[in-house]
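See below for the structure under consideration.
This structure is a prediction, so every number in the text was calculated from the model and none was measured. Below, read A as the first sequence line, B as the second, and so on, with proteins coming before strands; counting in each chain starts at 1.
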Number of protein chains: 2
Amino acid sequence: MPTPHYGQPRYRAIADELRKRIESGAIPPGALLPAESVLTSEFRASRGTIRQAIAALREARFVTTEHGRGTYVNPVRREDCEMEIRQRQVSADPELAALFAVEAGTVLIEQERIVREGGAVGVVIRSYRLFRE
Amino acid sequence: MPTPHYGQPRYRAIADELRKRIESGAIPPGALLPAESVLTSEFRASRGTIRQAIAALREARFVTTEHGRGTYVNPVRREDCEMEIRQRQVSADPELAALFAVEAGTVLIEQERIVREGGAVGVVIRSYRLFRE
DNA sequence: AGAAATTTGTCCGTATGTATC
DNA sequence: AGATACATACGGACAAATTTC
């Protein structure tokens with residue numbers, strides 16, 4: 001039977017299932033994912049489809065694959081990580097003015113990103129660009 | 001002939017060739033890449049291999065693909081972009097102190113990234129974290 | 001509005017190359 | 001050297017979105 005994929009594609013459903021196992025701790029960080037051949041049997045999917053699912057997990061940084069070895073579950077991956085962004089105009093301080101080669105006090109665009117990790121503020125990131133039209 | 005891939009894989013060689021055409025302007029930003037069927041003929045490669053090449057370009061943000069439409073060349077993509085990183089300790093200004101819930105003047109780790117785009121400074125990014133340990 | 005053609009998306013099966021154990 | 005596991009590549013089939021007529 002060739003291929004009906006109503007709703008969600010097969011490879012994505014498989015990726016989701018594997019992701020659940022990772023997040024639940026069923027496959028802990030550092031552990032190897034079952035081999036492609038094993039997953040092929042378990043999910044009754046072709047190798048290409050299994051590889052697509054693993055590629056999706058890899059892209060999302062859940063796992064890392066090593067040639068001839070296997071696919072490992074990556075450590076951590078913060079769950080409770082929110083980010084706020086704010087943008088405003090500020091005057092260039094002397095250092096920024098020098099970097100951008102403008103006069104001190106020139107208007108810059110500042111974006112501030114506040115990364116919260118489990119409630120507390122983890123990192124504050126401020127970026128500056130020249131304001132041009 | 002099934003598949004020898006000595007040295008560079010086929011899909012990567014194709015991706016490189018397409019990238020050259022994009023960087024040279026032969027396929028300008030906003031333009032459509034030749035359809036997969038056309039590339040299949042030109043490179044005498046299977047569709048899967050062509051799609052792998054395009055996927056590589058997509059991952060590198062050179063192109064964007066739309067279902068039923070085609071694959072477009074993305075605008076810009078700065079070539080000459082260098083970055084410097086510097087780290088130092090600074091005193092928390094009132095706003096940062098409030099965010100981190102510490103007293104003003106508390107020591108923070110500041111990392112400054114200076115992104116140059118073609119000589120001039122394009123963006124300055126400053127990140128702040130608490131200094132612990 | 002509707003049908004056909006075009007183009008990308010998904011999936012299958014198979015074969016062979018390459019790295020690691 | 002052999003077994004295992006991932007990487008590359010081919011070819012075919014059908015699905016879904018878009019464009020064209």
Side-chain angles (χ1 to χ4, degrees), chain A residues 1-19 21-22 26-74, chain B residues 1-19 21-22 26-74:
Chain A
M1 248 97 272
T3 314
H5 53 278
Y6 307 109
Q8 196 176 225
R10 191 110 169 69
Y11 79 91
R12 185 146 291 288
I14 295 173
D16 282 347
E17 170 57 28
L18 292 176
R19 182 176 52 69
R21 294 186 194 176
I22 291 170
I27 311 178
L32 273 172
L33 233 58
E36 293 175 352
S37 57
V38 176
L39 295 175
T40 297
S41 303
E42 177 183 343
F43 290 103
R44 307 287 195 105
S46 76
R47 186 144 178 253
T49 302
I50 294 298
R51 284 179 58 75
Q52 240 180 315
I54 292 176
L57 293 175
R58 197 164 42 232
E59 190 160 1
R61 310 278 180 182
F62 278 98
V63 300
T64 301
T65 300
E66 291 180 31
H67 192 161
R69 209 165 270 157
T71 297
Y72 294 91
V73 176
N74 286 334
Chain B
M1 251 94 273
T3 318
H5 51 280
Y6 306 114
Q8 194 175 227
R10 192 117 166 65
Y11 78 90
R12 185 147 292 286
I14 295 173
D16 282 346
E17 169 58 27
L18 292 175
R19 182 178 49 70
R21 294 186 195 175
I22 292 171
I27 312 179
L32 273 172
L33 233 57
E36 293 173 356
S37 58
V38 175
L39 295 175
T40 296
S41 302
E42 178 184 343
F43 290 103
R44 308 288 195 102
S46 75
R47 196 180 159 214
T49 301
I50 296 296
R51 284 178 60 77
Q52 235 181 318
I54 291 175
L57 293 174
R58 197 164 42 232
E59 188 159 3
R61 311 276 182 181
F62 278 98
V63 301
T64 301
T65 300
E66 292 179 32
H67 190 166
R69 279 245 174 85
T71 297
Y72 294 90
V73 176
N74 286 336

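- Nucleotide C:dC21 holds its C1' atom 13 Å from the NE2 atom of A:H67, rounded to whole Å.
- Side-chain contact of B:R10 with B:T49: a donor-acceptor pair under 3.5 Å is absent, judged by distance alone.
- One finds the CG atom of A:L18 at 7.0 Å from the CD1 atom of A:I54 (value rounded to the nearest 0.5 Å).
- Considering only side-chain atoms of A:E36, the nucleotide from D:dC10, D:dA7, C:dG9 that sits closest is D:dA7.
- Counting any heavy atom pair closer than 4.0 Å across all strands shown, B:G70 reaches sugar-phosphate atoms only and no base atom.
- Mapping B:T65 and A:T49 onto DNA chain C via the closest heavy atom, the residue that lands nearer the 5' end is B:T65.
- A salt bridge does not link B:E59 to A:R58: none of the charged nitrogens lies less than 4.0 Å from a carboxylate oxygen.
- Distances shorter than 4.0 Å separate none of the side-chain N or O atoms of B:R51 from OP1 or OP2 on C:dT8.
- In terms of position along DNA chain C, the nucleotide closest to B:R58 lies nearer the 5' end than the nucleotide closest to the other residue of the pair A:S46 and B:R58.
- In this structure, CZ of A:R47 is placed 9 Å from C1' of D:dT8, rounded to the nearest angstrom.
- The nearest pair of heavy atoms linking B:A53 to B:Y11 is CB-O, 3.2 Å.
- Remark: C1' of D:dC10 and CD of B:Q52 are 12 Å apart, rounded to the nearest angstrom.
- Rounded to a whole Å, the CZ atom of A:R44 is 24 Å from the P atom of C:dT10.
- The CD-P distance, from B:E66 to C:dT8, rounds to 11 Å in whole Å.
- Of the side-chain N and O atoms in A:R69, one or more sit less than 4.0 angstrom from OP1 or OP2 of C:dC21.
- Rounding to whole angstrom units, CG of residue A:L32 and P of C:dT20 are separated by 14 Å.
- A:I22 places a side-chain heavy atom less than 4.5 Å from the side chain of A:V63.
- Taking the side chain of A:P9 as heavy atoms from C-beta on, and the options C:dT10, D:dA7, D:dA9, the nearest nucleotide is C:dT10.
- In this structure, the CG atom of A:L33 is 16 Å from the C1' atom of D:dT4, given to the nearest Å.
- The CZ atom of B:R10 sits 11 Å away from the C1' atom of D:dC10 (whole-angstrom rounding).
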